[in-house]
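Only one structure is covered here, and it is reproduced in the block below.
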Amino acid sequence: MRLSNEYIENLTKDKINSPRAVDKLVTDELLKMGFSYKIIGTHYLHDSIVYSTSLKLEDFKTVGLFYRDIEMTIKKKYNIKYVCYYKAIENSIERAFEVGNINYLLNTFKNVYDNEKMKVTKNEFIMVMRQKIMAALGIQQNATQLRLIIQGIVENITDITLLQALCNIVVSVESGVTV
């Protein structure tokens, strides 16, 4: 489905002129990074981040279900399929890393940027931005939320050495040894 320039311009005006602090914070951050609101993927990403800040991680059994809820909500809002949602966001992120403020992007996503693939996945992007926006709003994360975030990150790690190191840290913490 091809969206008209007028439709995208109206979406952009709504976000830029929104009275909601969370919308302004997300807009400011994405623009600072070099995202273009002329790209529909930026709108999907923006709305995903905004919606994610309204959710409590502890309400979900896994981080995967948290992301699925976000995807379902945005897909329903825009009446799109998952492939459109996913590809549009990935293209928007990729474009920002190509033409945006690369130093700011790499600094913001230093812990999740994949050097081999030279990218940040949409889920990692949403989570990092969610944490940044919530901190700006003065909303603190609790231990359960951090545990779920770590669980989501660990699920994507395939390096056995790194997983063993993480396991050693967890065992040390559980046995009372300070690391």
Side-chain angles (χ1 to χ4, degrees), residues 1-16 18 20 22-23 25-57 59-102 104-106 108-134 145 148-159:
M1 172 176 83
R2 181 84 174 127
L3 301 173
S4 72
N5 289 338
E6 182 180 351
Y7 176 75
I8 293 175
E9 284 178 26
N10 288 334
L11 286 174
T12 303
K13 287 177 188 174
D14 289 345
K15 287 177 177 65
I16 291 174
S18 174
R20 295 177 41 196
V22 68
D23 272 313
L25 288 168
V26 172
T27 300
D28 289 348
E29 277 297 314
L30 291 178
L31 289 173
K32 189 174 185 179
M33 291 175 184
F35 280 82
S36 170
Y37 275 89
K38 293 181 179 181
I39 299 172
I40 193 64
T42 301
H43 291 278
Y44 299 161
L45 184 59
H46 174 106
D47 290 349
S48 296
I49 296 164
V50 169
Y51 180 63
S52 76
T53 64
S54 70
L55 301 175
K56 293 181 180 178
L57 277 169
D59 291 343
F60 299 89
K61 286 186 177 184
T62 67
V63 178
L65 293 174
F66 170 79
Y67 291 126
R68 180 176 294 249
D69 187 46
I70 294 168
E71 293 164 8
M72 299 300 282
T73 300
I74 304 307
K75 285 175 12 188
K76 186 175 180 180
K77 176 180 180 178
Y78 289 98
N79 192 26
I80 56 172
K81 295 183 184 208
Y82 174 76
V83 171
C84 294
Y85 169 81
Y86 175 80
K87 286 188 178 201
I89 289 178
E90 289 288 325
N91 288 338
S92 186
I93 293 171
E94 187 176 301
R95 184 180 181 283
F97 273 92
E98 289 172 359
V99 300
N101 185 342
I102 191 67
Y104 187 70
L105 283 161
L106 290 175
T108 302
F109 298 99
K110 62 184 168 230
N111 296 326
V112 294
Y113 182 77
D114 186 331
N115 288 320
E116 288 180 20
K117 295 179 182 176
M118 296 174 51
K119 71 181 225 170
V120 174
T121 67
K122 77 173 177 52
N123 289 348
E124 291 166 335
F125 193 98
I126 291 168
M127 187 60 75
V128 169
M129 287 296 295
R130 176 186 187 273
Q131 291 171 313
K132 188 170 187 156
I133 298 303
M134 290 181 77
Q145 291 175 345
L148 286 168
I149 292 167
I150 292 167
Q151 176 189 6
I153 293 168
V154 171
E155 286 175 356
N156 296 324
I157 296 175
T158 57
D159 183 336

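Only heavy atoms go into these numbers, but all of them, side chains included; no hydrogens, no water, no symmetry mates.
- A distance of 3.5 Å separates NZ in K77 from CG in D47, rounded to the nearest 0.5 Å.
- Atom CD1 of residue I49 and atom OG of residue S54 lie 12.5 Å apart, to the nearest 0.5 angstrom.
- T62 has its side chain within reach of L65: a pair of non-hydrogen atoms, C-beta onward, lies under 4.5 Å apart.
- Taking the six-membered ring wherever Trp is involved, the centroid distance between the rings of F35 and F125 falls below 6.0 Å.
- Note: T121 OG1 to I126 CD1 = 8.5 Å, rounded to the nearest 0.5 Å.
- With sequence neighbours excluded, no residue forms a side-chain hydrogen bond (donor to acceptor under 3.5 Å, both in side chains) with N123.
- Proximity of a side-chain donor or acceptor of S52 to a complementary backbone N or O of R130 within less than 3.5 Å is not detected.
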Take R20 and V50, measure what side chain to side chain contact (heavy atoms under 4.5 Å, CB included) needs, and give me the verdict at the end. CA-CA 10 Å; R20 295 177 41 196; V50 169; 3.2 Å; yes
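- Note: S36 OG to L31 CG = 8.5 Å, rounded to the nearest 0.5 Å.
- Checked against the 6.0 Å centroid criterion, the rings of H43 and Y78 do not qualify as a close aromatic pair.
- Inter-residue side-chain proximity for M134 and Q131 is flagged as unmet; no heavy-atom pair is nearer than 4.5 Å.
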With side chain to side chain contact (heavy atoms under 4.5 Å, CB included) as the test, would you mind laying out the steps for D59 and F66 before giving the verdict? CA-CA 8 Å; D59 291 343; F66 170 79; over 6 Å; no
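- Between K15 and V26, the closest side-chain pair of non-hydrogen atoms is not below 4.5 Å.
- Taking 4.0 Å as the cut-off between side-chain N and carboxylate O, E90 and K119 count as a salt-bridged pair.
- Between F109 and Y113, a ring centre-to-centre spacing not shorter than 6.0 Å is recorded.
- A salt bridge links K122 with E71: the closest approach of a Lys/Arg side-chain nitrogen to an acidic carboxylate oxygen falls below 4.0 angstrom.
- Using a 4.5 Å cut-off on side-chain heavy atoms (C-beta onward), T108 and V128 make contact.
- In this view, E29 and Y104, K132 satisfy the side-chain hydrogen bond (donor to acceptor under 3.5 Å, both in side chains) rule, not counting sequence neighbours.
- Atom SG of C84 is separated from atom OH of Y44 by 6.5 Å, given to the nearest 0.5 angstrom.
- Between atom OG1 of residue T53 and atom CD1 of residue I70 there is a gap of 9.0 Å, rounded to the nearest 0.5 Å.
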Test side chain to side chain contact (heavy atoms under 4.5 Å, CB included) on H46 and D23; report intermediate values, then the result. CA-CA 8 Å; H46 174 106; D23 272 313; 2.8 Å; yes
Test T42 against L45 for side chain to side chain contact (heavy atoms under 4.5 Å, CB included), laying out the working first. CA-CA 5 Å; T42 301; L45 184 59; 5.5 Å; no
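- The environment of OH in Y51 is crowded: more than 12 heavy-atom neighbours from other residues, nucleotides or ligands sit within 6.0 Å.
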Kindly list each side-chain donor-acceptor pair under 3.5 angstrom involving residues 93-100, sequence neighbours excluded, with atom names and distances?
none

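- Side chains of M129 and M33 form a contact here, defined as non-hydrogen atoms less than 4.5 Å apart.
- Ring geometry for Y82 versus Y85: interplanar angle of 30 to 60°, hence tilted.
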